[in-house]
Each structure stands twice: as C-alpha cells, then as structure tokens.
Amino acid sequence: MPREACGVLGTEDEGRVVFLAGWVHRIRDLGGITFVDLRDQSGLVQLVFRNIPEAHDLSLEDVIRIKGTVRRRESPNPKLPTGEIEVWVEELEILSKSKALPFPVDSDEPRANEETRLRFRFLDLRRERMQRNLRLRHKICLSIRNYLSERGFIEVETPYLTRSTPEGARDFLVPSRLEPGKFYALPQSPQLFKQTLVISGIERYFQIVRCFRDEDLRADRQPEFTQLDLEMAFLEDPDELFTLIEGLVAHVFREAIEVELEVPFPRIPYAEAMLRYGTDKPDLRFGMEIVDLSEVFRGCGFRVFAEAVERGEVIRALPVPGAAGRSRSELKRLEDRAKELGLGGLVWAKYENDAINSPIAKFVGEELLRRAAEEANAEEGDLLLLAAGPAEKVAEALGALRVELARELDLIPRDSWALAWIVDFPLFKLDEEGRIASEHHPFTSPHPEDIPYLETDPLRVRARSYDLVINGVEIASGSIRIHRRDLQERILKLLGLTEEEAREKFGFLLRALEYGAPPHGGIAFGLDRLVMMLAGESSIREVIAFPKTATGACPLTGAPAEVSEEQLRELHLKIELGDGARP
RNA sequence: GGGGCCGUGGUCUAGGCUGGACUAGGACGCCGGAUUGUCACUCCGGAGAUCGCGGGUUCAAAUCCCGUCGGCCCCGCCA
C-alpha cells in the first residue's frame with residue numbers, strides 16, 4: 001500500500017485504514033497511551049499508540065512508518081487542520097532513529113544562533129517557517145515563469161564558466177586546466193549573453209539565474225545570488241517594459257501572498273527622488289518629504305546658512321511629524337547622528353503651542369522660520385530639521401535621517417507596499433579617482449536628447465535606465481541598451497577603454513552589433529530580495545536553502561577549503577600567502 | 001580596509017559595569033522513574049559547562065586588559 005499525506009486527513013477519512021510515514025514531531029507519553037504528532041511535507045496528524053510498547057522508545061525526529069485507522073477525536077484540536085481526527089496505530093516501523101537535537105525544530109522562531117543553524121541546516125530547514133519560505137520562493141518562481149511564458153518569453157540558460165570583464169564587482173575566478181595560466185570567471189550577471197541572445201532572434205528572453213560577485217556580504221547580499229533576468233527585442237520605450245513588469249509584479253504578489261497592487265507604479269525621476277527623499281531608492285510608505293529652502297534662507301541673518309547659499313550649496317529641511325516635544329538631549333543625539341552622516345551640523349526648529357523655538361530664531365526671525373515650516377509642510381507639533389552643505393551630501397544625510405526617524409517614530413505602516421520606478425538616472429558618475437564611470441553599466445543607452453553632450457558634458461547625460469523600488473529597497477534595475485556599434489564604441493572610449501581593450505573585452509558584443517542588432521532592453525530582479533520581502537524576512541539567508549556566512553563560509557560543508565597539491569598541480573597553480581593571509 | 005555588538009552544559013540564556021558564598025543560576029533538550037485522552041502533557045529524580053582560544057594584571061578572573069578565532073550588523077566595496 002502506498003503511503004499517503006498525513007496533513008490532509010479529515011473526518012471524511014473516518015474508518016479508513018491508512019499507511020503514513022514521516023518524522024516524529026512531538027511525543028506525549030502518558031504511560032498506557034502515547035500520542036505522537038507525525039509530520040510530513042503536508043503537515044501534522046496525531047497518532048495514538050495503545051498496546052504498542054515500542055512507542056515508548058520513540059525520539060523526536062525519528063522517521064517512522066505506520067499502519068493505522070482514522071478515527072474521529074473525542075476532544076478535537078482546533079489548532080490543527082487535521083484536529084478533528086487522529087490515527088489509531090496498529091503497526092509501527094522505525095525507519096531511522098534521530099540523535100538528540102541541537103535545537104528544536106518545532107519552533108517558528110529560531111532557537112539557535114545562526115552558525116549552529118547553518119551547520120545543521122538540514123534540521124533548520126525542517127522548521128515550518130523555513131519550509132514556508134522555500135515554498136514561497138518556489139511559488140514566486142513558478143508564477144514568474146508562467147506569466148512570462150504566456151507572454152512569449154522563453155527561458156534560456158547561459159554559461160557559468162565565462163570570461164572576466166572589466167569594471168563592476170570583483171570576479172570569482174576558475175583556473176583552466178587545459179590552458180595553463182588562463183582563467184574563467186563566474187558571471188556577475190548574464191548581461192552580455194542576454195543581449196547576444198536578443199540579437200540572435202530570441203526576441204523575448206528570461207532566465208532565473210545564479211550570479212556571482214566577490215564582494216563583502218550583507219544581510220541582503222550573498223556572493224552567489226539569484227536574478228530574474230529579462231530582455232526584449234524592439235524595446236525602445238521604457239513604458240512598454242514598465243507595463244509588462246507591473247503586470248508581472250502584480251501577478252506575483254497576487255499568486256504568492258494574495259495582495260492586490262495598484263498599477264501603474266509611480267515614476268519618479270532620479271533628480272526628484274534625490275531631492276525629496278535623499279536617496280535613489282525612496283521608501284514611499286510614509287511622507288516626511290525633504291524640501292529645499294535655499295532660496296528662503298538666501299541672505300538670512302544666520303551666517304552659516306547665508307554663506308552656504310552664496311557658495312552654491314543648499315539648505316534643506318526634513319519635517320518630523322509630532323516630534324516638537326523632543327528633549328535637548330534627544331536633539332543633541334540627532335545632531336551627533338547628522339555629523340556621523342557627514343553634515344557639519346543640524347539646526348532644529350520646534351513648532352509648538354503656536355510658537356517657534358529654534359536656536360537660530362534670534363538670527364533669522366520667526367517670520368522666516370514660519371515660511372520654512374509652510375514650505376516644508378510642517379504643522380503644529382512638528383519638528384523641522386535643517387541642514388546646509390553640498391546638495392549631494394545634504395540629500396544623503398537627510399535621506400538617512402528620514403528613514404531612521406520614521407522607524408523610530410513608528411510612522412511606517414505595516415503590511416503596506418509602496419512600489420515605484422526611478423527613471424532618468426545619470427549615465428555616468430565619477431569614481432573615486434575622478435574618472436568617468438558607468439552609473440548602471442556600459443551598455444546602457446543614453447537619453448537620445450542628451451547624446452550631443454556625451455563628450456562635452458558627460459555628467460549631464462541622462463540614461464535610459466530605471467530601477468524598481470519596493471518599500472525603500474532596490475529590487476530591480478534595467479535599461480534600454482545601445483544597439484549600434486558606433487555609439488557603443490563611443491561610450492567605451494569615454495569610459496577610458498582603448499579601441500584594442502574594447503575589442504578584447506567586449507569584442508563579441510561589438511561584432512554582434514554589426515550584424516543587424518534590433519533595439520533592445522531589459523531588466524534584472526534581485527530574486528532573493530524579492531522573496532525576502534514577500535516572506536517578511538529581514539535577511540536573504542532566510543530564503544536561501546544553503547547560504548554563506550558574513551565571511552563567505554558555509555558551515556555545513558566547510559567551504560571554502562584547501563585542495564590537494566595534486567589538484568593545484570593540474571591547474572598549474574602555486575599558493576603564495578602574503579602578509580596577513582593564513583593558510 | 002574600518003566601526004559596533006556577541007561567544008557561558010547539546011541548545012538558548014542569567015551573571016560581567018562594581019573581580020571574592022559562582023560550589024556558575026534558569027529554561028528547553030537528554031537519561032531514569034511514574035502516568036490511559038494528551039496536544040508546548042504533567043509530576044519526581046539525575047547526568048551534563050574549568051565560561052571560544054592564548055597571554056597578561058591580581059592573593060584571587062566567566063567578570064578587567066591585550067591578542068586571536070568564530071558569528072551577526074553597519075561603512076567602504078557591490079558596472
């Protein structure tokens with residue numbers, strides 16, 4: 001007789017003889033009668049043992065198989081889906097014993113530190129919450145595949161052993177045995193391959209694909225992570241993609257967590273996001289919008305502000321609702337935090353009891369502060385935080401304060417979703433050495449109107465790129481690509497690559513662009529982050545079956561590990577440990 | 001590369017600031033016993049840690065100092 005799922009048994013099965021198998025989830029041994037909650041993938045059911053002495057020998061997490069009869073319960077358990085019934089066991093077979101557990105697996109909250117959980121990941125994953133997360137991940141992937149497949153997209157795999165490309169993150173390298181001294185690199189993303197596929201006539205490509213970046217880890221960053229990668233031919237207007245992706249995301253939210261999203265999502269130009277929220281990934285679940293008050297304070301009696309405006313710097317204000325009652329020491333703490341964030345200082349103004357209280361009131365007058373409040377939409381009972389300095393620095397610092405204070409004041413509504421497109425990113429930025437670098441990547445198409453400024457004023461050139469932001473988290477990023485070789489070469493030259501370098505690194509793409517490349521564009525989602533958010537988790541490690549620790553190690557397998565001399569010899573490698581490096 | 005928090009029986013944790021009755025306490029788990037309607041079963045008894053590791057200060061270190069290893073969070077980094 002085949003075994004059946006235990007978690008779906010109900011009163012309709014009353015009287016049936018069933019064969020069940022699974023793990024011993026809980027044991028309640030009352031002497032003459034023993035209750036065991038049996039767990040399999042489908043859920044739990046209560047087993048009843050009478051006159052079966054072996055039942056007293058069961059341990060948590062033993063794997064057993066039973067034959068029994070479904071009976072209606074004398075006292076049902078409303079907490080269990082199968083709580084109306086129980087199974088009276090007639091035959092018990094212990095398939096596999098379990099040692100005493102390092103931590104309980106019947107708890108939703110992890111009862112061990114993360115390293116222990118990862119070392120015993122096979123047990124940690126038995127916990128219902130982790131099973132739920134992995135199931136949710138599967139559901140999301142399935143709904144993505146169904147949605148895209150129905151719209152003519154096909155999933156194509158691209159190589160993991162590929163060539164190293166300049167720029168971007170550090171590559172993971174794989175030594176070549178057949179070509180001594182040469183290396184493959186694991187892809188940071190399938191960017192060039194997907195563009196090549198579209199040029200190859202795969203007009204609608206997608207892939208749920210692993211990507212590798214050898215950078216330091218974070219709660220939302222792993223060295224290997226998964227992208228939903230997507231590319232379409234004849235995409236010239238980002239709006240076409242936005243509509244498709246809005247449909248996709250709404251579909252995923254509906255299928256995975258039964259949430260109806262409003263479409264279309266707002267579209268916010270990068271410059272506006274930086275001004276109003278101090279970041280290119282604004283959390284729109286709450287207000288507290290930053291306002292530029294440079295003109296209000298131009299020539300005012302507070303010299304620090306007046307001089308900053310003269311220098312071309314900015315004065316900006318962050319309204320903090322209901323925070324006028326803050327104590328001096330709390331305000332001091334805010335100022336210290338502002339300095340940590342790179343500001344010279346922080347000026348506050350309290351709007352309380354129809355009066356204005358601020359250390360700069362005597363310099364600028366109440367009238368000016370009243371105007372500031374009006375512009376910043378600060379009301380009775382609010383606090384206004386004012387900062388002066390270079391636009392970028394002020395934006396970034398106030399943006400950080402905005403999020404921190406909103407959290408602190410509990411202004412972020414729970415179970416709410418705020419999605420938005422950020423558009424019109426600059427094409428270039430300056431790197432640490434002051435050189436021109438891509439903001440997105442070198443294959444991003446410049447905004448057609450701005451192409452004339454490529455050489456003359458590159459930092460002013462807007463890109464046809466876009467990010468999708470959910471609740472203040474960057475969840476997807478993409479662009480319309482360059483599909484003409486001359487423009488692509490121009491951009492690579494601007495980035496400081498010689499023609500020779502360009503041909504060596506990106507030759508295959510440049511060549512492909514010469515043989516009838518359609519206009520195209522696409523987007524890539526951080527799938528782990530998306531699943532994390534939908535699962536309500538705060539680390540992507542909770543939605544990855546076998547993640548790595550902050551040092552890139554895997555406590556389960558012990559990776560990374562040393563290899564044998566023989567392996568090194570075959571790969572023509574010699575290990576030389578420099579200062580500070582340990583074997 | 002830098003900053004912060006943490007490391008105590010199998011697991012989670014109290015104690016640490018202010019060193020001495022800490023002979024390191026509790027909970028869960030484990031072992032033995034009792035228990036025929038429990039569902040986080042209950043009750044009785046028991047075993048189990050030289051406090052991550054190394055060094056230092058001190059009459060005395062889980063506690064203070066230095067180093068080191070490991071974990072977590074953040075900055076840098078992540079086209």
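Proteins get letters first, then strands, A, B, ... in listed order; numbering begins at 1 in each.
Look at CD on Gln227(A): it is 12 Å from C1' on C78(B), rounded to the nearest Å. Atom CG of Asp171(A) and atom C1' of C77(B) are 14 Å apart (whole Å). Separating the CD1 atom of Ile27(A) from the P atom of U42(B) is a distance of 14 Å, rounded to the nearest angstrom. When the P atom of C74(B) is taken as reference, atom CG of Asp220(A) falls 7 Å away, rounded to whole Å. Taking atom CG of residue Leu80(A) and atom C1' of nucleotide A40(B), one finds them 12 Å apart after rounding to whole Å. Straight-line distance from the CD atom of Glu115(A) to the P atom of G10(B): 15 Å, rounded to whole Å. Taking atom CG of residue Asp431(A) and atom C1' of nucleotide C77(B), one finds them 13 Å apart after rounding to whole Å. Atom CG of Asn113(A) and atom P of G10(B) are 14 Å apart (whole Å).
Across all strands shown, C28(B) forms a Watson-Crick or G-U wobble pair with G10(B), both key distances being under 3.5 Å. As the counterpart of G37(B), no nucleotide is assigned, since no Watson-Crick or G-U wobble pattern has both distances under 3.5 Å. Nucleotide C64(B) forms a pair with G56(B), judged by Watson-Crick or G-U wobble geometry with both contacts under 3.5 Å. Shown here, C5(B) forms a base pair with G71(B); the pair counts as Watson-Crick or G-U wobble because both key distances fall under 3.5 Å.
Gln191(A) comes within 4.0 angstrom of a nucleotide base, judged by non-hydrogen atoms across all strands. If you check every strand for non-hydrogen atoms under 4.0 Å, Arg213(A) touches a base. Contacts of Ser189(A) with the nucleic acid, taken as non-hydrogen atoms under 4.0 Å apart, include base atoms. When heavy atoms are screened at a 4.0 angstrom cut-off, Pro104(A) is found touching no nucleic acid atom at all. Among the heavy atoms of the strands lying under 4.0 Å from Ala550(A) are primed sugar atoms or P, OP1, OP2 only; no base atom is included. Heavy atoms of Lys99(A) sit nowhere under 4.0 angstrom from any nucleic acid atom.
Electrostatic pairing of Arg121(A) and Asp124(A) counts as a salt bridge here, judged by a charged N lying under 4.0 Å from a carboxylate O. Ion pairing between Glu61(A) and Lys99(A) fails under the 4.0 Å rule for side-chain N and carboxylate O. Ion pairing between a basic and an acidic side chain is recognised when a charged N comes within 4.0 Å of a carboxylate O; Arg117(A) and Glu542(A) show such pairing. Between Arg170(A) and Glu215(A), at least one side-chain N (NZ, or NE/NH1/NH2) sits under 4.0 Å from a carboxylate O, which counts as a salt bridge. Between Lys97(A) and Glu54(A) there is no salt bridge, since no side-chain nitrogen of the basic residue lies less than 4.0 Å from a carboxylate oxygen of the acidic one. Here Asp410(A) does not pair with Arg407(A) in a salt bridge; the nearest charged N to carboxylate O distance is not below 4.0 Å.
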Tabulated below should be each protein N or O lying under 3.5 Å from an N or O of nucleotides 1-7 of chain B; please produce it.
residue : atom : partner   : partner atom : Å
G1(B)   : O6   : Asp216(A) : OD2          : 3.4

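Between C53(B) and C43(B), the distance separating the two C1' atoms is 42 Å to the nearest Å. For the C1' atom pair drawn from G56(B) and C75(B), the interatomic distance equals 33 Å after rounding to whole Å. Between U13(B) and A62(B), the distance separating the two C1' atoms is 14 Å to the nearest Å. Look at the C1' atom in both A24(B) and U8(B): the space between them is 8 Å, to the nearest Å. Nucleotides C64(B) and G16(B) have their C1' atoms positioned 10 Å apart, rounded to a whole Å. G19(B) and A61(B) are spaced 13 Å apart, taking the P atom of each and rounding to whole Å.
Residue-to-nucleotide proximity on RNA chain B shows that, of Ala219(A) and Arg26(A), the 5′-proximal contact is made by Arg26(A).
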Contact state string [nucleotides 32-38 of chain B, B base, S sugar-phosphate only, - no protein heavy atom under 4.0 Å]: ---BBBB

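Which of A40(B), U11(B), C73(B) sits closest to the side chain of Ser539(A) comes down to C73(B). Closest approach to the Glu215(A) side chain among C77(B), C30(B), C12(B) is made by C77(B) (side chain taken as heavy atoms from C-beta onward).
At least one side-chain heavy atom of Leu401(A) sits under 4.5 Å from a side-chain heavy atom of Arg337(A).
For the side chain to side chain contact (heavy atoms under 4.5 Å, CB included) test, residues two or more places apart in sequence or in another chain that qualify with Pro560(A) are Ala553(A). The side chain to side chain contact (heavy atoms under 4.5 Å, CB included) search around Tyr184(A) returns Leu161(A), Val174(A), Ser176(A), not counting sequence neighbours. A search for side chain to side chain contact (heavy atoms under 4.5 Å, CB included) contacts involving Ala545(A) returns Leu125(A), Leu134(A), not counting sequence neighbours.
Both the sub-6.0 Å distance and the 45° axial angle are not jointly satisfied by Arg481(A) relative to the ring of Phe443(A).
With Arg402(A) contributing its side chain and Asp283(A) its backbone, the two residues share a donor-acceptor pair below 3.5 Å.
From Glu504(A), atom CD reaches atom CD of Glu500(A) across 7.5 Å, with rounding to the nearest 0.5 Å.
Relative orientation of the Phe120(A) and Phe103(A) rings is perpendicular, given thresholds of 30° and 60° on the angle between their planes.
Residues of residues 540-549 of chain A having a heavy atom closer than 4.0 Å to RNA chain B, listed by number: Arg541(A), Thr549(A).
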